[in-house]
There are 2 protein chains.
Amino acid sequence: MAKRRTVSIRDVARESHASLTTVSLVLNRREGRISEETRNRVIKTADRLGYRPSRLAQGLQSQKSGLLAILVPQIRHAFADVYFGELISAIQETAAGRYQYKVLLEVANQDYIETKQYLELFHRHYIDGLLCLGVTNRDTYLRDFDHGRHPMLVVNNYLEDIKLNNVLCDYQQAGRLAGEHLVDLGHRKIALIYGATEVQTTADLRKGFEAALNRAKIKLPKKHTNDGLYTEEGGAVAAAALMKLDPSITAILAGNDKMAIGAISGLKSLGLRVPDDVSVVGCDDMHQAEFCDPPLTTVHTPLYEVGQRACECLMELINGQRDTLSEVHPVTMTIRKSTAPPKTTG
Amino acid sequence: MAKRRTVSIRDVARESHASLTTVSLVLNRREGRISEETRNRVIKTADRLGYRPSRLAQGLQSQKSGLLAILVPQIRHAFADVYFGELISAIQETAAGRYQYKVLLEVANQDYIETKQYLELFHRHYIDGLLCLGVTNRDTYLRDFDHGRHPMLVVNNYLEDIKLNNVLCDYQQAGRLAGEHLVDLGHRKIALIYGATEVQTTADLRKGFEAALNRAKIKLPKKHTNDGLYTEEGGAVAAAALMKLDPSITAILAGNDKMAIGAISGLKSLGLRVPDDVSVVGCDDMHQAEFCDPPLTTVHTPLYEVGQRACECLMELINGQRDTLSEVHPVTMTIRKSTAPPKTTG
DNA sequence: CTTACCTAGTAAAAGGTTTTATCTAAGCAT
DNA sequence: ATGCTTAGATAAAACCTTTTACTAGGTAAG
């Protein structure tokens with residue numbers, strides 16, 4: 001079981017009676033400098049020996065690691081969340097497929113942030129770029145990046161008082177579209193189940209939603225809003241509480257599909273029918289939204305596309321083709337069966 | 001915006017009037033060789049300059065990358081699956097927390113397998129070890145690993161005819177426990193909703209389940225089994241089909257919690273009550289199982305623990321403390337509200 | 001006084017690549 | 001015969017560490 005030494009470019013050079021330089025030039029397809037004959041000889045030898053250039057040596061030389069990292073917050077089952085899952089899939093596929101980049105997975109727990117591991121990642125040449133997911137306004141440590149020295153960008157969010165690169169969906173538009181849809185159907189008593197308030201896009205969603213309602217002279221009083229904690233259970237509880245507080249509510253927007261689905265089940269367990277008694281709108285348009293009962297009307301946020309673009313933009317930052325960027329993607333309504341005009345009350 | 005060169009060990013040596021070797025010795029805590037005075041001088045200088053050793057150079061020297069990869073199959077939303085999510089979380093946390101290892105995310109799509117990228121990962125010194133998730137009997141390419149030249153192991157599964165390292169739950173026991181639980185409750189007409197047949201652990205679950213039934217002189221005929229495709233929708237459809245084929249069924253085991261939850265909703269929509277009319281047992285004990293209606297009786301498979309152990313074992317393989325291994329973890333029943341004795345039919 | 005050993009430290013090699021600057025031989029013009 | 005150009009190839013430097021083998025100077029033992 002003699003662990004044979006890995007074959008290096010030196011071995012190829014020796015066995016093909018050429019110099020290091022020649023082998024390197026041939027293998028990196030620098031055209032025109034080497035004769036056809038030598039080229040073939042080198043390639044054949046490299047093949048025969050099974051030569052594979054070491055990423056470590058290449059990286060040391062080029063000062064590039066060929067790696068990017070995805071930083072996710074430490075949430076139980078962050079990796080089991082469709083939202084993150086969709087983004088991670090998009091990023092991984094784009095990085096691997098289009099750029100031959102590999103993806104590192106990092107979790108930002110308390111110690112990680114205190115010891116500034118996210119900077120270490122760059123300083124120790126682990127990565128060439130960083131994508132931050134699930135960022136909130138409380139993540140002030142991101143200020144360490146606002147000099148723009150390290151290629152990084154915030155995915156599907158932004159921070160109010162730190163200027164960072166980002167690619168995201170238009171959540172104000174999302175709120176507006178959802179609001180207009182419900183108003184157009186004739187609803188007047190409309191409620192909102194929001195997720196965490198420290199997430200900027202959530203604030204935007206609310207802003208857009210409220211603006212749409214206001215335009216139709218509808219208020220969004222405190223008793224018409226509730227926290228759904230971004231979870232199904234939270235959505236269920238929030239919906240029930242809202243209906244208890246004001247039984248005349250006829251429509252609810254939830255900040256994501258999970259809470260919307262929870263809300264539907266919460267309403268059902270109160271004996272209310274969706275959409276006959278109460279209409280429900282979600283946000284995200286995740287896979288499951290199509291298959292729940294009733295199929296969910298929701299705002300389609302192009303997450304896969306955002307993940308993909310985030311990766312592309314990060315590569316541009318890495319390659320210095322770009323300095324700073326902020327890209328906003330439009331959203332659309334996907335109308336299914338969970339919304340309908342309100343019952344004409346007598 | 002002059003991009004200043006990264007500070008190297010050479011800079012530290014120069015500024016602290018010591019040699020490269022001395023600096024390296026001090027910084028790597030090789031005790032005893034260097035005087036207290038020099039040591040302090042070096043440390044102070046390193047701090048002042050903000051020196052961070054380059055992982056690339058260290059890796060080149062040590063022939064270790066400090067990275068391990070998780071290989072997942074290309075399934076839509078593989079990263080949004082609680083099953084994979086739990087394993088990935090466990091692995092990532094263990095690798096980062098206990099070993100200062102970082103985790104690379106790889107997706108095994110067709111091209112990836114055909115071009116043997118999984119081997120390239122080792123040959124090009126990207127990684128020191130590999131963990132394979134979601135493996136099936138069709139993944140014959142894994143034969144490339146059976147020489148044991150590269151540290152790798154299969155997580156929560158195994159292959160019948162390829163001898164590989166693995167850490168997994170005892171799915172035969174899982175089937176047996178579920179079967180015994182239902183038999184003990186008095187059920188005689190029992191059905192199984194399985195996932196993909198090409199997954200070895202699924203076959204094991206069935207085997208253990210059937211053995212438990214047989215011991216009680218109960219058969220598991222073809223019409224009492226159905227494919228649930230590992231999804232909620234699949235579970236719903238499968239349950240409905242089973243009940244249509246044989247309305248006398250009083251209990252169902254589903255191969256995972258997702259299908260179990262689907263089965264419950266499928267049964268409900270047929271007007272059947274769970275557990276009053278039909279008992280349902282799941283497998284996995286994912287977070288959601290506790291919160292569905294009724295709370296799901298299920299086999300608890302210690303996924304987090306398995307992921308953690310997988311990581312630990314991989315590190316032992318990497319460090320040569322171990323050559324080959326196969327570790328099976330016991331499972332337990334978590335009894336909640338979705339199972340009950342069968343109705344005494346008049 | 002010689003030998004052996006210890007302490008504090010260093011020079012140089014090794015790890016594997018890419019790139020820059022240089023070299024050689026051949027062909028051609030002067 | 002000399003100088004210039006070019007194609008084809010190469011030596012050496014650079015990227016940054018860690019480790020091995022060595023040195024100089026001092027002390028203790030024989």
Side-chain angles (χ1 to χ4, degrees), chain A residues 3-43 45-46 49-67 100 120 122-126 128, chain B residues 3-43 45-46 49-66 100 120 122-128:
Chain A
K3 185 161 192 172
R4 62 164 176 274
R5 218 176 50 72
T6 132
V7 9
S8 84
I9 198 171
R10 230 170 219 100
D11 302 316
V12 179
R14 185 171 12 79
E15 297 256 331
S16 64
H17 306 286
S19 73
L20 286 193
T21 317
T22 305
V23 175
S24 177
L25 290 175
V26 168
L27 264 30
N28 292 312
R29 323 221 172 302
R30 298 274 178 284
E31 300 293 341
R33 316 229 330 146
I34 311 292
S35 69
E36 200 59 25
E37 192 204 322
T38 311
R39 174 184 306 279
N40 288 335
R41 188 154 37 83
V42 167
I43 291 178
T45 312
L49 299 183
Y51 168 66
R52 292 287 175 274
S54 154
R55 247 333 287 185
L56 291 166
Q58 285 182 324
L60 180 57
Q61 158 67 29
S62 66
Q63 299 290 64
K64 289 266 165 85
S65 68
L67 264 42
Q100 272 81 268
E120 209 79 337
F122 283 100
H123 293 151
R124 303 201 51 197
H125 293 280
Y126 268 109
D128 300 335
Chain B
K3 184 161 192 170
R4 64 163 172 274
R5 217 175 50 73
T6 133
V7 8
S8 84
I9 197 171
R10 223 168 225 101
D11 302 316
V12 179
R14 185 173 8 81
E15 298 257 329
S16 64
H17 307 287
S19 72
L20 286 193
T21 316
T22 305
V23 176
S24 177
L25 289 175
V26 168
L27 264 31
N28 293 311
R29 323 218 173 303
R30 296 273 179 285
E31 301 291 340
R33 316 232 330 148
I34 310 292
S35 71
E36 200 60 25
E37 192 204 321
T38 311
R39 174 185 306 279
N40 288 335
R41 190 154 35 84
V42 168
I43 290 177
T45 312
L49 300 183
Y51 168 66
R52 291 286 175 277
S54 154
R55 248 330 290 184
L56 291 167
Q58 285 182 323
L60 181 57
Q61 158 68 28
S62 66
Q63 300 288 67
K64 288 266 164 84
S65 68
Q100 272 81 267
E120 209 80 338
F122 282 100
H123 292 152
R124 302 199 54 195
H125 293 279
Y126 267 109
I127 61 169
D128 299 336

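Side-chain atoms are counted along with the backbone in the values below, which use heavy atoms only and exclude waters and symmetry mates. In the text below, chain A, chain B and the rest are named by the order of the sequence lines, each starting its count at 1.
Spacing between atom CG of L27(A) and atom P of dT19(C) amounts to 13 Å, rounded to whole angstrom units. With rounding to whole Å, L56(A) atom CG is found 11 Å from dT17(C) atom C1'. Between R39(A) atom CZ and dT10(D) atom C1' there is a gap of 17 Å when expressed in whole angstrom units. Taking atom NZ on K64(A) and atom P on dT19(C), their separation rounds to 11 Å, with Å as the unit. Atom CG of L60(A) is separated from atom P of dT19(C) by 13 Å (rounded to the nearest Å). With rounding to whole Å, R55(B) atom CZ is found 12 Å from dT17(D) atom P. One interatomic measurement links the two molecules: OH of Y126(B) to P of dG16(C), which rounds to 17 Å at whole-angstrom precision. Computed from coordinates, the Q58(B) CD to dG15(C) C1' distance equals 13 Å when rounded to whole Å.
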Please tabulate the protein-to-nucleotide N/O contacts below 3.5 Å involving nucleotides 23-27 of chain C, giving atom names and distances.
none

Measure all distances between protein nitrogen or oxygen atoms and nitrogen or oxygen atoms of nucleotides 10-13 of chain C, and list the pairs falling under 3.5 Å.
{"residue": "dT10(C)", "atom": "OP2", "partner": "S19(B)", "partner atom": "N", "Å": "3.0"}
{"residue": "dT10(C)", "atom": "OP2", "partner": "S19(B)", "partner atom": "OG", "Å": "3.0"}
{"residue": "dT10(C)", "atom": "OP2", "partner": "T22(B)", "partner atom": "OG1", "Å": "2.5"}
{"residue": "dA11(C)", "atom": "N7", "partner": "T21(B)", "partner atom": "OG1", "Å": "3.4"}
{"residue": "dA11(C)", "atom": "N6", "partner": "T21(B)", "partner atom": "OG1", "Å": "2.7"}

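Taking 4.5 Å as the limit, some side-chain heavy atom of I43(A) sits within range of a side-chain heavy atom of V26(A).
The residue R52(B) sits close only to the backbone: its heavy atoms come under 4.0 Å of sugar-phosphate atoms, none of a base. Among the heavy atoms of the strands lying under 4.0 Å from S54(A) are primed sugar atoms or P, OP1, OP2 only; no base atom is included.
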For DNA chain D, the expected dot-bracket line (Watson-Crick or G-U under 3.5 Å, [ ] crossing, | inter-strand) is ||||||||||||||||||||||||||||||
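Listed by chain and residue number, S65(A), K102(A), L104(A), I127(A), L67(B), L104(B), Y126(B) satisfy the side chain to side chain contact (heavy atoms under 4.5 Å, CB included) test with L67(A) (two or more places apart in sequence, or in another chain). Residues that satisfy the side chain to side chain contact (heavy atoms under 4.5 Å, CB included) test with I9(A), not counting sequence neighbours, are L20(A), V23(A), S24(A), Y51(A). Scored by the side chain to side chain contact (heavy atoms under 4.5 Å, CB included) test, S19(A) finds T21(A), T22(A) as partners (sequence neighbours excluded).
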